[in-house]
Amino acid sequence: MTLIDIIQKLQQESLGPEALQALLAQALREIEPLRNVATRVEFYQLSKAIEALTVAQEKTEKHLGELVEAEKRTEERLEKLAARVEELSEAQRRTEERLEKLAARVGELSEAQRRTEERLEKLAARVEELSEAQRRTEESLLVLTHRVQVVEDRLEGVSHSVGYSLENAAFKALPALLLERYGIAVQGRLVRRYIGDRQVNIFGRARRHGQEVVVVGECKVRPSRREVDRFLKIAQRLADQEGWEEVLCLFVAHDFPPVVEQYLRDRQVPIFWSYEF
């Protein structure tokens, strides 16, 4: 390749650094023998070519520097991207672990829900059984209540019959017993009487030491302390209501339990046993 060819090639082609250096070296080898014979024009052209070559070399080096810097930045970005990818991979791993735990928990909850539903079904069946049993119990209670009512009605009838018999016997026997024991003379007859809306089993008027006494009595088969208290409260209320100055409360019964007998004696209430009639 002649010097002119080298110059033309330098002016026409865009060469890489190595090719450019090779042409420059070849150009220097071609110039050396012609140092003393080169024409002004050739020398001028050669100077221009060398100048262009130098500029191209600078541009190439600058471009290479920019490429190196871009490569450096690219590597830095790749390193950051790799670190970010690693972070994302770790986050993905943790997410997958959490998803696995969540899936396991969902499985546990599903199983628990299934067992709960089974228990609820059994409970519903049990409730239905209890409801049916309750219905049968209520029906039985209705029947039993009816039977108890019938028995109570019969007992009440018997009680009334016994009570009325005891009262009737008391009406006849008490005047003599009251006179003998307490000096109370019954005026007229002892009777069963309503005073307002209250029925008094034994009622009558009497005299003691010239003063009027109202006789109020209660007849029970076997009285209790509660029945005694109830009777005494009613007698006091009637006395206040009717304005009775002196009232004699007495109790007649077939049987006085010892505690009730003593309770009446402590309150100075005369008692009369049915066998005394």
Side-chain angles (χ1 to χ4, degrees), residues 138-277:
E138 290 177 353
E139 291 178 353
S140 299
L141 282 175
L142 288 175
V143 174
L144 182 60
T145 301
H146 177 70
R147 291 178 180 176
V148 169
Q149 185 62 45
V150 171
V151 172
E152 287 181 348
D153 291 343
R154 291 177 180 176
L155 288 175
E156 185 177 0
V158 172
S159 176
H160 287 168
S161 178
V162 172
Y164 288 144
S165 298
L166 184 59
E167 291 171 14
N168 292 337
F171 295 150
K172 298 176 181 179
L174 281 177
L177 293 173
L178 286 172
L179 182 60
E180 178 184 346
R181 295 180 184 177
Y182 302 101
I184 296 175
V186 175
Q187 306 296 304
R189 299 173 56 191
L190 295 176
V191 295
R192 185 184 305 114
R193 180 177 174 184
Y194 276 94
I195 300 176
D197 59 347
R198 299 285 184 181
Q199 186 189 62
V200 178
N201 296 156
I202 300 171
F203 177 80
R205 296 184 182 274
R207 299 190 71 82
R208 180 171 55 185
H209 307 307
Q211 294 184 349
E212 185 180 53
V213 178
V214 176
V215 178
V216 179
E218 181 82 352
C219 290
K220 292 292 182 183
V221 174
R222 193 171 190 269
S224 64
R225 290 177 55 175
R226 185 173 61 180
E227 289 174 330
V228 170
D229 289 336
R230 177 176 174 274
F231 166 66
L232 294 178
K233 287 180 181 179
I234 292 175
Q236 184 61 49
R237 190 178 303 122
L238 291 175
D240 295 339
Q241 174 182 323
E242 301 296 324
W244 299 332
E245 294 183 2
E246 185 174 356
V247 179
L248 175 67
C249 295
L250 59 87
F251 237 95
V252 176
H254 286 295
D255 178 33
F256 287 100
V259 64
V260 177
E261 181 180 6
Q262 187 59 47
Y263 192 70
L264 286 165
R265 293 189 186 279
D266 291 342
R267 283 152 183 76
Q268 298 180 350
V269 176
I271 63 173
F272 298 90
W273 296 76
S274 62
Y275 62 76
E276 296 180 281
F277 303 160

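Just so it is clear, the values below take in all heavy atoms, side chains as well, and ignore hydrogens, waters and symmetry mates.
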Could you state the interatomic distance from [atom1] ([X]) to [atom2] ([Y]), rounded to the nearest 0.5 Å?
| X | Y | atom1 | atom2 | result |
| --- | --- | --- | --- | --- |
| Ile184 | His209 | CD1 | NE2 | 8.5 Å |
| Arg192 | Phe171 | CZ | CZ | 4.5 Å |
| Asp266 | Gln268 | CG | CD | 9.5 Å |

Next item on the list: State, yes or no, whether a side-chain contact exists between Phe272 and Leu166 at a heavy-atom distance under 4.5 Å.
Entry: no
Nearest non-hydrogen partners of [X] and [Y], listed with the distance:
| X | Y | value |
| --- | --- | --- |
| Leu190 | Pro175 | CD1-CD, 4.0 Å |
| Ala206 | Val215 | CB-CG2, 4.1 Å |
| His254 | Ser274 | ND1-OG, 2.8 Å |

Give the table of side-chain donor-acceptor pairs shorter than 3.5 Å for residues 222-230, with sequence neighbours excluded, one pair per line with atom names and distance.
from: Arg222; atom 1: NE; to: Asp255; atom 2: OD2; distance (Å): 2.7
from: Ser224; atom 1: OG; to: Glu227; atom 2: N; distance (Å): 3.2
from: Glu227; atom 1: OE1; to: Ser224; atom 2: N; distance (Å): 3.0
from: Asp229; atom 1: OD1; to: Tyr263; atom 2: OH; distance (Å): 2.6
from: Asp229; atom 1: OD2; to: Tyr263; atom 2: OH; distance (Å): 3.2

Next item on the list: Could I get the full list of side-chain contact (heavy atoms from CB on, under 4.5 Å) partners for Ala169, not counting sequence neighbours?
Entry: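 So Ala169 forms a side-chain contact (heavy atoms from CB on, under 4.5 Å) with Phe277.
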Note to self: Arg265: which residues meet the salt bridge (Lys or Arg N to Asp or Glu O under 4.0 Å) condition with it, sequence neighbours left out?
What the structure shows: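 Listed in chain order: Glu261.
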What pairs of donor and acceptor atoms, side-chain ones from residues 238-252 against any protein atom, are under 3.5 angstrom apart with sequence neighbours left out?
from: Asp240; atom 1: OD1; to: Gln236; atom 2: NE2; distance (Å): 3.1
from: Glu246; atom 1: OE2; to: Arg208; atom 2: NH2; distance (Å): 2.4

Note to self: Among residues at least two apart in sequence or on other chains, which ones pass ring-ring contact (aromatic ring centres under 6.0 Å, His included) with Tyr194?
What the structure shows: none
Next item on the list: Can you run down the salt bridge (Lys or Arg N to Asp or Glu O under 4.0 Å) pairs that involve residues 172-187, sequence neighbours left out, and say none if there aren't any?
Entry: Arg181-Glu276
Margin query: Can you confirm whether Glu139 is buried at CD, in the sense that more than 12 heavy atoms of other residues, nucleotides or ligands lie under 6.0 Å from that atom?
Written below: yes
Atom pairs and distances, donor-acceptor, side-chain atoms in residues 197-205, under 3.5 Å, two or more places apart:
from: Asn201; atom 1: OD1; to: Cys219; atom 2: N; distance (Å): 3.1
from: Asn201; atom 1: ND2; to: Glu167; atom 2: OE2; distance (Å): 3.3

Note to self: Holding to side chain to side chain donor-acceptor pair (under 3.5 Å), I want the full list of residues that pass it with Glu212, two or more places apart in sequence or in another chain.
What the structure shows: none
